[in-house]
Protein chains: 2
Amino acid sequence: MSQCLSKPKANGCYLFQPSPKTEVDSMPEYKAPLRDIKFVMNELLNSEQHYANLEGAEDATPDMVDAIIQEGAKFCEQVLSPLNQVGDQEGCTWSEDGVKTPTGFKEAYQQYVEGGWPSMTADPNYGGQGLPHSIGLVVSEMVGTSNWSWGMYPGLSHGATNTIEEHGTEEQKQTYLTKLISGEWTGTMCLTEPHCGSDLGTLRTKAEPNADGTYSITGTKIFISAGEHDMAENIVHIVLARLPGAPEGTKGISLFIVPKQLPNEDGSAGERNAVSCGSLEHKMGIHGNATCVMNFDGAKGWLIGPENKGLNCMFTFMNTARIGTAIQGLGAAELGFQGSLAYAKDRLAMRSLSGPKNPDGIADPIIVHPDVRRMLLTQKVVAEGARALIYLAGQQVDVVHSGKTEEERKHADALLGFLTPIAKAFLTEIGYESANLGMQVFGGHGFITEWGMEQNVRDSRIGMIYEGTTGIQALDLLGRKVLMTQGEALKVFTKQVHVFCKENADNEQLKEFIEPLAAINKEWGDLTMKVGMTAMKNREEVGAAAVDYLMYSGYAVFAYLWARMAKVALDKMADGTSEEMFYNAKVQSARFYFKRLLPRTKTHAETMLAGSDSLLDMPEEAFAI
Amino acid sequence: MSQCLSKPKANGCYLFQPSPKTEVDSMPEYKAPLRDIKFVMNELLNSEQHYANLEGAEDATPDMVDAIIQEGAKFCEQVLSPLNQVGDQEGCTWSEDGVKTPTGFKEAYQQYVEGGWPSMTADPNYGGQGLPHSIGLVVSEMVGTSNWSWGMYPGLSHGATNTIEEHGTEEQKQTYLTKLISGEWTGTMCLTEPHCGSDLGTLRTKAEPNADGTYSITGTKIFISAGEHDMAENIVHIVLARLPGAPEGTKGISLFIVPKQLPNEDGSAGERNAVSCGSLEHKMGIHGNATCVMNFDGAKGWLIGPENKGLNCMFTFMNTARIGTAIQGLGAAELGFQGSLAYAKDRLAMRSLSGPKNPDGIADPIIVHPDVRRMLLTQKVVAEGARALIYLAGQQVDVVHSGKTEEERKHADALLGFLTPIAKAFLTEIGYESANLGMQVFGGHGFITEWGMEQNVRDSRIGMIYEGTTGIQALDLLGRKVLMTQGEALKVFTKQVHVFCKENADNEQLKEFIEPLAAINKEWGDLTMKVGMTAMKNREEVGAAAVDYLMYSGYAVFAYLWARMAKVALDKMADGTSEEMFYNAKVQSARFYFKRLLPRTKTHAETMLAGSDSLLDMPEEAFAI
């Protein structure tokens with residue numbers, strides 16, 4: 001399959017069938033924002049240079065990358081986007097025989113597999129194409145924005161793929177990894193149990209050794225995305241469980257591979273294992289994805305990685321998984337923007353406050369109204385800023401895996417660890433806000449299902465919860481990443497910002513961005529010091545400050561990215577360009593960001609220092625109705 | 001029926017059947033927050049004195065008010081609350097024969113009618129009990145929090161009732177008002193058309209005079225809540241339409257009564273009129289309420305109020321309708337708080353940052369975590385602050401209707417006009433935020449339907465849209481109410497605040513509230529001046545500043561109300577009380593408000609002055625994908 005990708009236009013491997021027309025009106029249509037994707041990759045983040053510096057990324061030539069993105073865009077626009085509302089409205093259905101996914105999902109997955117997409121960034125020794133992870137993120141963005149529920153099926157496979165790639169034995173890799181990489185089988189991550197989510201130390205699923213070296217896995221897992229479905233012939237579950245006599249808490253958890261069907265000698269899917277989907281959850285959104293209760297009734301499993309080190313094994317790819325979830329925030333903002341922009345240009349209501357702009361019509365298009373523009377620009381600036389942040393993080397993932405020097409790899413790892421909780425929590429929060437603004441632009445029509453905006457709100461709401469809630473991410477950022485390193489992780493980033501500000505201190509055109517950026521960068525460090533000081537006296541202060549600290553950090557990171565984007569755009573215009581409108585819009589978007597969104601740091605700066613007393617003084621019994 | 005209310009415990013008129021058990025798990029159960037309702041009514045707003053000062057409110061004795069609220073609470077807890085999830089899951093169903101409401105809705109409405117509830121605040125000359133509107137708001141709060149979708153049916157009747165009470169002829173009152181007040185018939189407001197919502201000037205529905213003095217109404221109305229259903233024997237539509245040759249725009253709109261069934265000579269519902277429900281909208285939430293497309297095909301209607309003055313007639317009760325919608329924000333916060341509080345006390349996860357609080361359990365209840373408390377306290381403070389604001393507004397409604405002097409009535413009208421857009425937009429915005437926090441406390445379980453938290457998010461999302469979006473309310477506040485009166489409307493309020501601050505300037509215990517309140521009160525005036533100055537040069541500045549101005553105003557109003565509530569609580573504790581816990585929680589809630597929520601004004605203060613350039617400079621074509 002990898003030969004398809006290296007000759008994308010040659011033999012039709014990338015060709016696909018547009019989805020069949022369904023009864024559901026497929027508003028809103030997704031258009032891959034290719035111009036902005038290229039702006040961020042090539043003009044902001046200089047991907048060509050970046051890929052050239054990586055070990056073994058020779059295939060990631062500009063032409064190749066461009067071809068992949070073009071083909072990915074077509075697949076998302078023509079196959080996945082039309083299935084987005086179908087998935088929401090049909091949902092998944094459970095029966096004794098298994099779970100049925102919505103109309104068209106299975107066929108779309110078949111095309112995805114035939115196109116070679118599952119193998120793109122995987123290990124070439126097991127059928128992968130070994131392309132850099134950052135390219136995978138660009139494709140994930142388009143897949144996730146056009147149809148998040150569908151995208152979760154291959155998305156979960158990535159988790160299983162990465163785990164086995166990193167910790168599996170050679171035999172496990174030959175058996176499972178090859179099938180996951182080809183896409184013939186899909187994967188899941190089975191962590192959560194009814195009584196425990198983030199607090200995995202309390203999990204109860206048991207793994208008892210069998211005589212043949214395998215294990216009998218018994219327990220109930222909930223919220224298992226893609227836990228059961230009809231899209232692939234087998235499902236590989238990665239399950240957290242406890243060995244007999246394992247230490248209590250997080251130090252007694254081991255990882256197991258538990259396939260839905262046991263592999264035959266020839267590698268095909270054989271006899272059914274004792275694992276089944278007990279029921280599907282009814283939920284607010286992502287209806288097209290099957291969220292399963294999974295029952296393991298003495299299912300046969302194989303230990304993967306060392307005994308009792310299961311959580312450590314999970315941590316190795318947790319950054320990637322969280323960046324993957326951060327994409328949901330980007331997608332929510334992009335989809336909301338695309339939908340509400342079209343509506344705002346089309347819908348006529350009221351006259352502009354400064355006089356009619358559409359005098360021949362019964363009213364002006366609502367895009368003339370300042371508050372409608374505030375809502376549109378917020379979504380635009382969130383989507384484009386999120387893209388910059390995620391692609392930047394993606395480059396760090398690349399360097400962590402394939403950087404040429406130890407120093408490069410360590411630096412990228414520190415930066416990635418710092419950016420990950422920010423990207424995950426901040427982007428899903430402001431992405432959800434953006435989805436709500438996209439709906440708000442529609443007025444009453446936004447509440448109506450057919451326009452797709454309320455689905456975007458419902459689907460994106462989960463982003464702030466799974467893969468660790470905003471509160472959990474905030475503790476990770478402030479507690480583990482910043483305070484436990486005495487601020488080193490923060491400095492890795494603020495130093496970059498400082499250098500950028502210094503380099504551009506004399507640039508008059510950039511002054512409106514550089515001055516507030518430098519001020520924020522300094523304040524960020526000062527605030528960190530202050531929070532750190534109070535936290536040394538009272539650890540509760542970390543919990544009391546964390547979410548505000550994280551949100552502040554998000555706006556600070558965005559300030560840096562928007563200032564850099566403004567610089568690129570101003571430089572392009574100074575050099576002369578036929579795309580004046582595009583670059584000018586970038587500068588104006590940056591201006592909007594600094595004037596309208598960055599001031600949110602004022603509130604967070606104050607509330608993060610408000611102390612834990614106002615939260616903890618009230619006795620538990622006083623919380624009452 | 002009015003005799004039932006005057007002897008609430010005597011003859012069983014108020015008794016009702018608890019709803020039958022249904023298959024749906026009825027989480028979360030609603031508990032009417034009676035202690036807080038009494039705190040706001042009696043201790044904060046001194047209702048006894050207030051009612052004694054009104055004309056014709058002799059029946060509103062403390063015992064009577066108390067009995068009404070107690071009985072209302074039981075009805076909401078035992079009848080309406082169990083139907084809330086049923087309504088969401090079943091929704092309404094359309095057929096040729098009409099619209100069927102969810103199981104139990106019709107029976108609950110029957111009990112509501114038998115209990116005399118529809119007549120509570122209506123004109124005694126037509127069967128009403130003439131109780132003050134503010135009491136109706138308290139009942140509406142409980143009804144709306146326990147089951148918003150159900151509450152909209154009688155809620156819409158109020159609109160029709162008020163219109164006919166105010167503008168109908170004696171004959172129209174005898175025919176329709178009596179039936180609406182008894183609850184035998186329900187009402188609707190038919191304003192919106194497919195191409196126009198807020199911009200009613202462009203509406204197209206026609207009213208052509210018939211020889212007999214009636215009119216033939218033809219056109220399509222959309223988003224008609226409670227437009228068709230099976231709960232009452234007839235439905236009275238109040239319809240906006242244009243007479244032949246009427247002036248264009250808002251000055252050519254007239255109001256018509258269009259009953260679903262034409263009244264017989266004896267007052268009963270007779271022949272079917274040419275009005276029908278074409279379809280039901282599929283929507284994000286409030287599934288239990290029928291949102292109808294209504295087709296008028298030459299339906300017989302009667303003019304109500306003067307020709308071409310339809311919009312003016314609507315304005316007379318728009319404040320009441322908007323305060324009614326503001327209740328949705330209060331309800332969302334209350335319901336989220338009740339659900340997430342129970343969960344936070346029950347769910348065990350992680351250990352407290354300062355050491356185990358539940359050492360014998362596998363983990364601590366999540367209410368020990370500062371960020372969980374931040375989310376709980378936000379909801380609590382929003383719900384209780386919203387209650388104070390709505391009841392305060394309700395008292396102004398009472399005075400506008402029944403104040404003894406012209407001066408009192410004028411003052412109340414100015415204050416009500418000022419508070420209305422704030423209550424409507426600010427409370428639905430922060431109510432929605434609270435509903436989302438209620439869901440967030442549950443982690444992954446929040447996304448699951450059975451817990452009820454995601455329904456609360458979906459149901460409350462519409463609050464920011466209907467009855468005028470947040471953007472529309474903001475223009476009403478800043479443009480019409482504040483700037484057009486040269487700030488007089490603002491002064492009506494800030495003067496009260498100023499007096500309160502002065503009176504309590506020497507109170508050491510209150511200092512932590514009074515000082516920031518006085519500062520906000522001053523800044524509010526200063527900001528208004530600044531916005532006003534820029535708006536004089538460029539009207540677009542009003543649109544650019546309006547939403548931030550409104551949100552700022554909301555937080556300022558809350559600061560005043562929370563300072564007053566803290567004072568009441570501190571006074572009670574100084575006097576000695578057996579309810580130390582309750583009053584102490586009030587003071588701590590006020591402290592939380594001032595430390596954690598009021599700082600949001602910092603951001604709004606800055607962004608409201610950010611100017612319109614960052615919104616309007618970008619050419620429309622530059623908004624592109």
Side-chain angles (χ1 to χ4, degrees), chain A residues 31 33 197-199 202 223 281-284 338 341 349-350 353-354 362-363 367 369-371 373-374 376 443-444 447-449 454 462 465-466 469 471 539-540 542-544 546-547 581 584-585 588 591-592 595-596 599-600 602-603 606-607 610 612 614-618 620-623 625, chain B residues 31 33 197-199 202 223 281-284 338 341 349-350 353-354 362-363 367 369-371 373-374 376 443-444 447-449 454 462 465-466 469 471 539-540 542-544 546-547 581 584-585 588 591-592 595-596 599-600 602-603 606-607 610 612 614-618 620-623 625:
Chain A
K31 183 161 172 277
S198 299
D199 194 3
T202 63
F223 300 162
E281 303 285 0
H282 300 102
K283 53 197 195 294
M284 184 181 194
Q338 294 197 6
L341 174 59
M350 313 284 189
L353 291 164
S354 53
I362 54 162
I367 196 170
H369 304 309
D371 194 58
R373 284 176 164 241
R374 178 186 65 81
L376 291 173
F447 200 64
I448 305 301
T449 301
E454 64 89 24
I462 190 62
I465 296 176
Y466 57 15
T469 61
R539 292 195 59 197
E540 297 284 7
V542 179
V547 167
M581 173 91 79
N584 210 22
Q588 280 162 329
R591 196 167 288 145
F592 173 85
K595 289 211 167 185
R596 293 268 169 182
R600 295 180 180 185
K602 303 241 155 164
T603 295
E606 184 160 330
T607 47
S612 61
S614 60
L615 302 173
L616 299 178
D617 280 355
M618 179 129 72
E620 190 181 316
E621 315 84 74
F623 284 88
I625 313 303
Chain B
K31 185 161 173 277
S198 299
D199 193 3
T202 63
F223 300 163
E281 303 285 0
H282 299 102
K283 55 197 194 295
M284 183 182 195
Q338 294 197 7
L341 175 59
M350 313 284 189
L353 292 164
S354 54
I362 54 163
I367 196 171
H369 305 309
D371 194 58
R373 284 175 164 244
R374 178 185 63 82
L376 291 173
F447 200 64
I448 305 301
T449 302
E454 63 90 24
I462 189 63
I465 296 177
Y466 57 14
T469 62
R539 292 194 60 197
E540 298 283 8
V542 180
V547 167
M581 175 89 81
N584 209 22
Q588 281 162 327
R591 196 167 288 145
F592 173 85
K595 289 211 167 183
R596 293 267 169 183
R600 295 179 180 186
K602 303 240 154 165
T603 296
E606 184 160 329
T607 46
S612 62
S614 60
L615 302 172
L616 298 179
D617 279 355
M618 180 130 73
E620 190 180 316
E621 316 83 75
F623 283 89
I625 312 302

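Residue numbering restarts at 1 for every chain, and letters A, B, ... go by the order of the sequence lines.
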Residue selection (most heavy-atom pairs with chain B, distance under 4.5 Å) from [options]:
{"options": "K602(A), R591(A), E540(A)", "answer": "E540(A)"}
{"options": "G471(A), A363(A), G197(A), A585(A)", "answer": "A585(A)"}
{"options": "K31(A), M618(A), R539(A), H369(A)", "answer": "M618(A)"}
{"options": "E621(A), M284(A), K283(A)", "answer": "M284(A)"}
{"options": "I465(A), N584(A), T469(A)", "answer": "I465(A)"}

Query - Closest-packed option against chain A by number of heavy-atom pairs under 4.5 Å, given R600(B), E281(B), M350(B) - result: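 Option with the top pair count is M350(B).
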
Query - Among the listed options V542(B), I448(B), L376(B), D371(B), the residue most often paired with chain A at heavy-atom distances under 4.5 Å - result: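 Option with the top pair count is I448(B).
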
Measuring heavy-atom distances to chain B, does [X] have an atom under 4.5 Å in its side chain, in its backbone, in both, or in neither?
{"X": "E606(A)", "value": "side chain"}
{"X": "I362(A)", "value": "both"}
{"X": "I625(A)", "value": "both"}
{"X": "T202(A)", "value": "side chain"}

Requested in this report: Answer with side chain, backbone, both or neither: which region of A546(B) has an atom nearer than 4.5 Å to a non-hydrogen atom of chain A?
Outcome: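 Neither part; nothing is under 4.5 Å.
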
Query raised in the report: Is it the side chain or the backbone of F223(B) that comes within 4.5 Å of chain A heavy atoms, both, or neither?
Result: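 Looking at F223(B), just its side chain touches chain A.
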
Compare every heavy atom of [Y] with every heavy atom of [X], then report the nearest pair and how far apart it is.
{"X": "L615(A)", "Y": "A544(A)", "answer": "CD1-CB, 3.7 Å"}
{"X": "F592(B)", "Y": "R374(B)", "answer": "CZ-O, 3.6 Å"}
{"X": "T603(B)", "Y": "P599(A)", "answer": "OG1-O, 2.9 Å"}

Query - CD-NZ distance between Q588(B) and K595(B), expressed to the nearest 0.5 angstrom - result: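 Q588(B) atom CD to K595(B) atom NZ measures 11.5 Å (nearest 0.5 Å).
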
**Report entry** I367(B) side chain near L341(B) side chain, heavy-atom distance below 4.5 Å
**Finding:**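 Yes. Closest side-chain heavy atoms under 4.5 Å.
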
